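The shown structure was predicted, so the numbers you read here are calculated from the model rather than taken from an experiment.
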Amino acid sequence: MANKDLNNHGFPLNLFAGKRILVVEVDYFVADEARRLLEAAGARITGASVPFAINMIDPEATDAAILDIRLDVEAAFLIADRLYSFRIPFVFATSHVDTSVKDSFGGFHLCEDVHALGDIALALFSTKHH
C-alpha cells in the first residue's frame with residue numbers, strides 16, 4: 001500500500017479515530033494487518049481469538065467489532081448476540097473471497113484496500129445505518 005494519510009478526510013476512515021475496535025479473526029496475519037491499518041486510522045484495537053472474544057466484550061471498552069465470517073457458526077452467533085445485547089455495532093468481514101458466501105449476505109472484504117476499511121467504517125459508525 002502506498003503511503004497515504006489514512007485519516008485523510010476524503011476517506012471515511014476518520015470515523016475510526018478514537019474508537020475501540022474488537023477484531024475477531026481466524027487468520028493471525030490478517031488480524032495483524034487489520035490492526036495495523038485500523039491503528040493508523042486512529043483506532044485502539046483489541047484482538048481476540050474465538051475462545052476469548054465473548055469475555056472481552058464490554059460496552060464500556062468496546063465501540064464496535066469486526067468478526068471474521070469464517071468463525072465457527074455457533075461461536076460467531078454467540079459473539080454477535082452478545083454484541084447485539086450491548087448495542088455494540090459489528091460487521092462480519094472476510095479476508096478470503098469465498099464463492100459460497102453470497103454477496104447479499106452482507107459483510108465486507110477486509111483487506112489492505114483503504115476503501116474496504118472505509119466501507120466498514122461507514123457500516124459501523126455512520127448515523128444513517130443506526
Side-chain angles (χ1 to χ4, degrees):
M1 180 167 72
N3 267 340
K4 294 181 181 177
D5 177 7
L6 292 178
N7 284 316
N8 180 326
H9 292 286
F11 296 109
L13 292 180
N14 60 331
L15 294 171
F16 283 120
K19 301 292 187 194
R20 299 158 304 182
I21 310 296
L22 173 65
V23 176
V24 184
E25 167 63 52
V26 172
D27 184 318
Y28 169 81
F29 295 107
V30 172
D32 190 55
E33 180 66 7
R35 178 202 51 78
R36 187 185 67 74
L37 291 170
L38 291 166
E39 285 177 347
R44 289 180 287 161
I45 306 305
T46 302
S49 59
V50 174
F52 301 104
I54 194 83
N55 295 321
M56 295 182 76
I57 298 168
D58 176 357
E60 301 299 318
T62 307
D63 295 309
I66 301 172
L67 308 176
D68 188 337
I69 202 168
R70 297 171 302 135
L71 296 173
D72 171 81
V73 174
E74 185 176 333
F77 286 116
L78 284 172
I79 294 167
D81 283 344
R82 186 161 171 93
L83 290 164
Y84 185 79
S85 73
F86 286 126
R87 296 180 173 244
I88 297 172
F90 64 92
V91 295
F92 285 99
T94 184
S95 60
H96 304 281
V97 177
D98 183 347
T99 57
S100 69
V101 178
K102 297 183 179 183
D103 290 336
S104 62
F105 182 74
F108 296 87
H109 184 80
L110 181 59
C111 63
E112 198 171 336
D113 180 3
V114 172
H115 299 292
L117 283 176
D119 290 344
I120 291 172
L122 288 172
L124 292 172
F125 303 115
S126 174
T127 56
K128 70 180 180 180
H129 289 92
H130 296 284

Shortest non-hydrogen contact from Leu22 toward Ala53: CD2-O, 4.4 Å
For Leu15 versus Ala121, what's the shortest heavy-atom pair and its separation? CD1-O, 3.7 Å
Picking from Leu122, Asp119, Ile120, what satisfies side-chain contact (heavy atoms from CB on, under 4.5 Å) with Val91? Ile120
Measure the shortest side-chain to side-chain distance between Leu71 and Val24 over non-hydrogen atoms and say whether it is less than 4.5 angstrom. yes
For residues 77-89, tabulate all N or O donor-acceptor pairs below 3.5 Å that involve a side-chain atom, not counting sequence neighbours.
residue	atom	partner	partner atom	Å
Arg82	NE	Ile54	O	3.0
Ser85	OG	Arg82	O	2.8

Expected output: side-chain Asp63 to main-chain Arg20 donor-acceptor under 3.5 Å: yes
In this structure, which one of Val23, Leu37, Ile66, Asp32 forms a side-chain contact (heavy atoms from CB on, under 4.5 Å) with Ile45? Val23
Glu25 CD to Leu67 CG distance, which is reported to the nearest 0.5 Å: 10.0 Å
Looking at every non-hydrogen atom in both residues, tell me the closest pair between Phe16 and Leu124 and how far apart they are. CE2-CD1, 4.2 Å
Is the side chain of Asp68 donor-acceptor paired with the backbone N or O of Val26 at a distance under 3.5 Å, no angle test? yes
Could you give the distance from CZ (Arg35) to OH (Tyr28), rounded to the nearest 0.5 Å? 7.0 Å
